[in-house]
Amino acid sequence: MDSAQAYSRILALRKLLSENARLYYVENAPVMSDYDYDQAMHELERLEDEYPQYAAEDSPTVRVGSDIDEDRGRRGGDFVQRPHKYPMLSLSNTYSMEEIAEFVSRAEKSLNTDFSYSCELKFDGTAICLTYKGGELLTALTRGDGEKGDDVTANALRIKNIPSKLKGSFPDSEFEIRGEVLMPFSAFDALNAEREAMEEAPFANPRNAASGSLKLLDPDEVGHRGLICTLYHIPAQSVTFPTHDDSMKAAESWGLPVSHERRICHGLDEIRDYIDYWDKARRELPYATDGIVIKINELEAQRALGYTAKSPRWAVAYKFKAEQALTPVKSIDYQVGRTGAVTPVANLEPVFLSGTMVRRATLNNADQMELLDIRVGDSVYVEKGGEIIPKITGVEKSLRPAWAVPPKFPERCPDCGALLERREDEARHFCPNQLGCPTQIKGRLLHFCSRKAMDINAGPATVAGLYELGLVRTPSDFYTLDAASLTRLDGWKEKSASNFLKSLARTRAVSFERVLYALGIRYVGETTARAVARHFGNIDALAAASVEELTLIPDVGETIAPSIYEFICDARNSVEIQKLRSFGLQFSIGEGDQKTLSPALEGLTIVISGNFTVSRDDIAELISLHSGKRSSSVSSKTSFLLAGDKPGPEKLRKCSELGIKVIDEAAFRDMLPDRGATHSSSLPSSSGAQEPSLFG
């Protein structure tokens, strides 16, 4: 390779790594495996060492991958960015024991003293930096670009094992402690089951789910995601402990969640034993790990070794290779979703991989099938590693049987037989038969009943049973049901029917924005439904809007606006909306706002922060019912901050600066008639759902 070729390759690698770093850190939707990314990074490092004339300050080999979303404000949300007291760097990594041996050898040559190694699990989550002062959580920052990170303090306070106050003999002075926010497998499975029921794209792995969850704009939804935190590093500049292990033991005594899987090792043999043990034992852990971190244990030695521009010289990560298996494809199914999207799924000869038996793997769409050149009878490589959802990474064509032929994507819906459609701008095929396709009908009904929509006591089995009995075809049909028809369902008695009817009655108090989301307009998630409802105020104003008027709404673009317009203009949907109105559902923002119980809070602007004895939605509704106004941020116009358990420190600080009083839940209820008894059901609130579908 000559100099010109090297420069061309360097530029190509920088572009490849930068694009994939954004997909990984910001979008939480990587398309490149960790191994391939790391190999590309190592190639770039070698080329830049060999051709130093092409060094650049913005090269991925020098800069830490950033999780800061420069476009976040445009998408309707923002996080304040704050500087790290000490740079938050990344670790150099390797898949080679020979390179671990080189790390050990360099350390032994550089340090003229006895030292040990702290070996720890490398957690597969998203980095976080907590700052405590006087024993209280001051800030929680993401890694960001290493110099500054997004302030996610309000979200961190919703993570159950992050304490807002320390215990024991903690430092009075300010200190940082760093670690990882993780999503355990159980929480990951529950979240993906919920997303799949809503026909949203599931997260590929717990790391993506944890990172995406930590950056949600709704702290309550963060609390719903089941995140945990594990802390593993206090910067040596800020502590006086002799060793890293001592600092972690102290942190644990202060009530901070630290990893218990550390081992102090002396020399390469003990490090190798630790790696070999966890390469197998990690499969029994309740959360994802992707390697081992080896650190110099003595903090004075860490200070002596120092840092490169991107990583510490006193630590290295050994990464486990992703598990892979070769197994035959038995058949390919084509599944219809509630939006009408048809997804191909490969049925595999069962193979044990990363602790579970893998039998199926999605192929996403016809384009991916063609790209893989996959056929029934092929032996395919299936990979999990950190990817909990199995994916096919390649075909072993040397094992292809002579009879294998390319599969033909169906022309007709496998459920109802309708001719499939594929728009030029769509990767998927769709069944257009919204009226007659059973899967789509049941999917729309299930979406209407879901927790984030109308929250009706009806799961997949109930919806399927009602459909099979011919009792329900559209959401308005739910409101025609009575106890006699419900008890026709298998296993249903009077109590089950009563609970269902009570949950149905509660939907008449559900806000317009959630009703709009429940209608299932394609591409309209909760955030968009909320923006549209608040912009137009009622369904009649929305029905009169043009596509151009719809595109003026911040959360509505050129894809969503026509979808809303077409839905509202469809005569069948208009009839359905009128039926739902006749059953008392809210189709106006004003209708809910006009229902007040007293003027007790009239003229008051109230900010809510923390956890309460009831949901925050109930608290917000109480404010509205008693004529108050809720605000999301503290300002000079704020009347008081209503603080529950673990209120946001930033809101408390701003109240102190502005002289705004802070009251607790008991004092708030004392302000209301009957001490503020909760007069309505809890109305769950969260953000980010996508891809509901059309009515028939």
Side-chain angles (χ1 to χ4, degrees), residues 16 19-20 23-24 29-37 39-40 192 195-196 199-205 208 321-431 439 691:
L16 175 72
E19 289 174 349
N20 281 277
L23 289 170
Y24 182 90
V31 297
M32 193 178 193
S33 73
D34 285 0
Y35 181 81
D36 289 342
Y37 182 89
Q39 294 305 105
N192 265 355
R195 291 176 71 86
E196 287 172 350
E199 281 206 11
E200 300 169 28
F203 285 107
N205 56 53
N208 294 355
K321 291 180 181 177
E323 275 199 89
Q324 193 178 70
L326 189 65
T327 189
V329 177
K330 297 166 65 178
S331 62
I332 297 175
D333 291 337
Y334 298 89
Q335 298 181 342
V336 186
R338 65 177 176 81
T339 65
V342 178
T343 303
V345 178
N347 297 303
L348 309 172
E349 188 67 41
V351 60
F352 196 74
L353 191 61
S354 296
T356 59
M357 191 65 74
V358 175
R359 294 179 171 85
R360 295 159 64 80
T362 180
L363 296 170
N364 294 323
N365 53 54
D367 290 343
Q368 186 184 1
M369 292 175 66
E370 186 176 350
L371 186 65
L372 284 169
D373 186 22
I374 191 171
R375 307 178 186 186
V376 174
D378 274 342
S379 291
V380 295
Y381 291 101
V382 185
E383 190 173 292
K384 284 178 75 179
E387 305 288 329
I388 302 305
I389 297 175
K391 64 179 181 181
I392 294 172
T393 58
V395 176
E396 183 50 70
K397 294 183 180 177
S398 66
L399 299 177
R400 173 171 286 169
W403 52 263
V405 296
K408 186 177 181 181
F409 204 92
E411 296 181 354
R412 295 187 174 275
C413 174
D415 192 18
C416 69
L419 195 65
L420 297 181
E421 297 177 353
R422 181 180 181 181
R423 296 178 181 175
E424 289 185 6
D425 58 344
E426 292 274 9
R428 290 183 170 186
H429 290 74
F430 284 85
C431 169
T439 300
E691 281 273 279

Original post:
Are Thr393 and Lys391 side-chain neighbours, meaning at least one heavy-atom pair lies under 4.5 Å?
Top reply: yes
Side chains of Leu348 and Val329, heavy atoms from C-beta outward: is any pair under 4.5 Å?
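Yes, at least one pair of side-chain atoms sits under 4.5 Å.
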Can you tell me which residue pairs pass the salt bridge (charged side-chain N to carboxylate O under 4.0 Å, His left out) test with a partner in residues 401-411, sequence neighbours excluded?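 Matches after skipping sequence neighbours: Lys408-Glu411.
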When rounded to the nearest 0.5 angstrom, what is the spacing between [atom1] in [X] and [atom2] in [Y]?
| X | Y | atom1 | atom2 | value |
| --- | --- | --- | --- | --- |
| Leu363 | Leu372 | CG | CG | 7.0 Å |
| Leu420 | Arg428 | CG | CZ | 13.0 Å |
| Arg412 | His429 | CZ | NE2 | 13.5 Å |
| Lys397 | Arg375 | NZ | CZ | 7.5 Å |

Heavy-atom donor-acceptor pair, [X] side chain to [Y] backbone, under 3.5 Å:
| X | Y | answer |
| --- | --- | --- |
| Ser331 | Asn347 | no |
| Asp333 | Gln335 | no |
| Asp378 | Val395 | no |

TODO: Check step by step if side-chain contact (heavy atoms from CB on, under 4.5 Å) holds for Asn365 and Arg422.
DONE: CA-CA 11 Å; Asn365 53 54; Arg422 181 180 181 181; 5.8 Å; no
Hey, is CD on Glu370 packed in by over 12 heavy atoms from elsewhere, all under 6.0 Å? no
Just do the side-chain contact (heavy atoms from CB on, under 4.5 Å) check on Cys413 and Val336 with the steps written out, would you? CA-CA 8 Å; Cys413 174; Val336 186; 3.7 Å; yes
Considering all heavy atoms of both residues, which atom of [X] and which atom of [Y] are nearest to each other, and what is their separation?
| X | Y | value |
| --- | --- | --- |
| Gly377 | Pro401 | O-CD, 3.4 Å |
| Ala325 | Val351 | CB-CG2, 3.5 Å |
| Pro407 | Ile332 | CG-CD1, 4.1 Å |

- Task: May I ask you to decide if the ring planes of Tyr334 and Phe409 are parallel, tilted or perpendicular, using 30° and 60° as cut-offs?
- Result: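 Perpendicular, since the angle between the ring planes exceeds 60°.
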| said: Can you list everything that forms a side-chain contact (heavy atoms from CB on, under 4.5 Å) with Leu399? Sequence neighbours excluded, please. | reply: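 Applying side-chain contact (heavy atoms from CB on, under 4.5 Å) to Leu399 gives Leu326, Ser379, Glu396.
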